[in-house]
Amino acid sequence: MLAPSWEEHATCLANAEEQDMPRVLMDISVKAAVNLQQDAFIVIGRDTRPTSEKLSQSVIDGVTVLEGQFHDYGLVTTPQLHYMVYCRNTSGQYGEATLEGYYQKLSKAFMELTKKTLCSEDEYRSLKVDCANGIGALKLKEMEHYVSQGLSVQLFNDGTKGKLNHLCGADFVKSHQKPPQGMEMKSNERCCSFDGDADRIVYHYLDVDGHFHLIDGDKIATLISSFLKELLLEIGESLNIGVVQTAYANGSSTRYLEEVMKVPVYCTKTGVKHLHHKAQEFDIGVYFEANGHGTVLFSKAAETKIRQLTKELEDERRKAAAKMLENVIDLFNQAAGDAISDMLVIEAILMLKDLSIQQWDALYMDLPNRQLKVKVADRQVISTTDAERQVVTPPGLQEAINDLVKKYKLSRAFVRPSGTEDVVRVYAEADSQVRKCGPCTC
C-alpha cells in the first residue's frame with residue numbers, strides 16, 4: 001500500500017516533462033530522504049490485457065537504465081504482486097516471495113482450518129466463480145489442485161472468449177444487481193464474482209423463485225468479523241477488534257455489528273487507502289468496501305499472542321479456537337484486498353459454521369438504498385466533513401438533506417464530490433424504497 005505522503009511525489013513525477021525527469025527525481029529523493037547509496041529493487045507483475053506486456057517491458061527498461069535491480073513475476077493478480085512486495089520487505093517473515101509460496105501458504109491454512117468439516121464425500125463443496133475474463137481465472141486454475149480436497153471450483157468468464165469486465169465481474173454484478181453473463185446459475189447455488197484484477201469479490205445466488213440476491217462487501221465483513229469475535233470469546237482473550245467501513249456501507253450492517261455482535265464500527269473517507277490505514281490501529285482490523293474490496297489486518301502483537309496461545313493453552317476448546325485463529329491469520333492476504341484469499345476465508349467460515357448462502361444472507365436485511373451521480377459545473381463547490389457524511393459548503397445544503405431525512409424511518413443520506421470528475425455522488429437509504437430523485441442543481 002503506497003504511503004499517502006508518496007502520492008504527491010507520484011503526481012509530480014507523472015506530470016513532469018521528459019527533460020525535467022532527472023531534476024524531479026532528485027527533488028523527490030531529497031524530500032523523501034531517500035538513501036541513493038542503497039540499491040533499488042523493483043518487483044514487477046502484469047495481467048492478461050494486451051497492453052500489459054509492453055508496459056511491463058517499459059518499466060524494466062526504466063529500472064535497467066537507472067541501474068536498479070528487479071524481479072519480473074510475469075502474470076500475477078494485483079494482490080499477488082502486493083504479497084510478493086510484503087514478503088520481500090519482511091525478509092521472508094511474512095512468507096516466501098514466489099507464486100508457489102503464495103499458493104502453499106493459503107492452501108495449507110485453508111486445509112488446516114477446514115479439515116474437521118471434510119469427513120465424508122457428501123460434504124464435498126462446490127463453488128461457481130465468475131472471473132470477469134481477467135487474470136484471476138488463470139491464477140485460480142493454477143491454485144485449484146492445492147485445495148481440491150476441500151473445495152471444487154467451477155470457473156466461468158475465464159478469458160478464453162469474452163472481454164475483460166464486459167457484462168460480468170464484481171463491479172457489473174454489484175452495480176446492476178443481476179447475474180453475470182456467461183455463468184449458468186441454478187437456484188440456491190453458491191456463486192461469486194471477482195473483478196478483473198482479482199482484488200474484489202462479491203457473492204450471489206438465485207432463490208427458488210428465481211430472484212437474484214447479492215451479498216456484497218458489507219455482508220462479507222459481517223460474516224468475517226462475527227466469526228473472529230466468536231473465536232476471541234472462545235479463547236478468552238480481550239484483543240480489540242474493529243470494523244472499518246465507508247459512508248456507503250448499508251446502515252443495517254452497521255447496526256447488526258454494533259447492536260447484535262457488539263463489534264465497534266468506524267467510518268473513514270471513501271478509498272481503500274483510508275480503510276487500510278484505519279484498520280492498522282486495532283489488534284484485529286476488518287475492512288471491506290461495499291464493492292467487495294477488503295481484508296483483515298492483525299497487529300504484530302496480536303499475531304504473536306495468538307501463535308503463543310496455540311502452544312500454551314491446555315484447555316482443548318480454547319486451544320482449538322486459537323489454532324483456528326492462527327490459520328485465519330495465514331489465510332488472509334494482509335498486504336491488500338485479495339479475491340482468492342477472501343474467497344477461501346469465506347468458504348472456510350461457511351463450512352465451520354455450517355451455514356448455507358441463504359442463512360448467511362439472512363443475518364440481516366439490507367435497507368433499500370439508491371446511488372446516483374449528478375453532473376455539475378464545479379464539484380469543488382461542495383466540501384464535506386465527518387468521513388464525507390456531512391456537507392460543510394455550500395451553506396444550507398446539509399440542512400436541506402436533514403429535513404428530507406427526518407421524513408423517513410432509519411433514513412440516511414449524503415452527497416460528496418467525486419475525486420476524479422465534475423460530478424456529485426448521492427447516496428440515500430431508508431426502511432422503505434427510497435423515492436425517485438427529482439432534478440438536482442448544484
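Please read these numbers as outputs of a predicted model, since none were measured by experiment. Excluded from the calculations below are hydrogen atoms, water molecules and symmetry mates; all remaining heavy atoms, backbone and side chain alike, are included.
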Should the ring pair [X] and [Y] be called parallel, tilted or perpendicular, given that the plane angle runs from 0 to 90° and is split at 30 and 60?
X	Y	result
F332	F298	tilted
Y287	H276	perpendicular
H9	W6	perpendicular

With a 4.0 Å cut-off, would you call [X] and [Y] a salt bridge?
X	Y	result
E388	K269	no
R307	E303	yes
R200	D171	yes
R190	E347	yes
D197	R49	no
E144	K141	no

Any heavy-atom pair between the side chains of [Y] and [X] that's under 4.5 Å?
X	Y	value
F288	I224	yes
E289	L275	yes
Y205	N188	yes
N333	L106	no
E326	E112	no
M26	L36	yes
L325	L228	yes

Side-chain donor-acceptor contact under 3.5 Å, [X] with [Y]:
X	Y	value
E100	T98	no
S383	T393	yes
Y364	N250	no
Q245	D218	no

Assert yes or no for the condition that the ring centre distance of Y248 to F414 is strictly below 6.0 Å.
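Close enough - the centres of the two rings lie under 6.0 Å apart.
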Compute both the distance and the angle, then confirm whether K219 meets the cation-pi test with Y256: under 6.0 Å from the six-membered ring centre, within 45 degrees of the axis.
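No cation-pi geometry.
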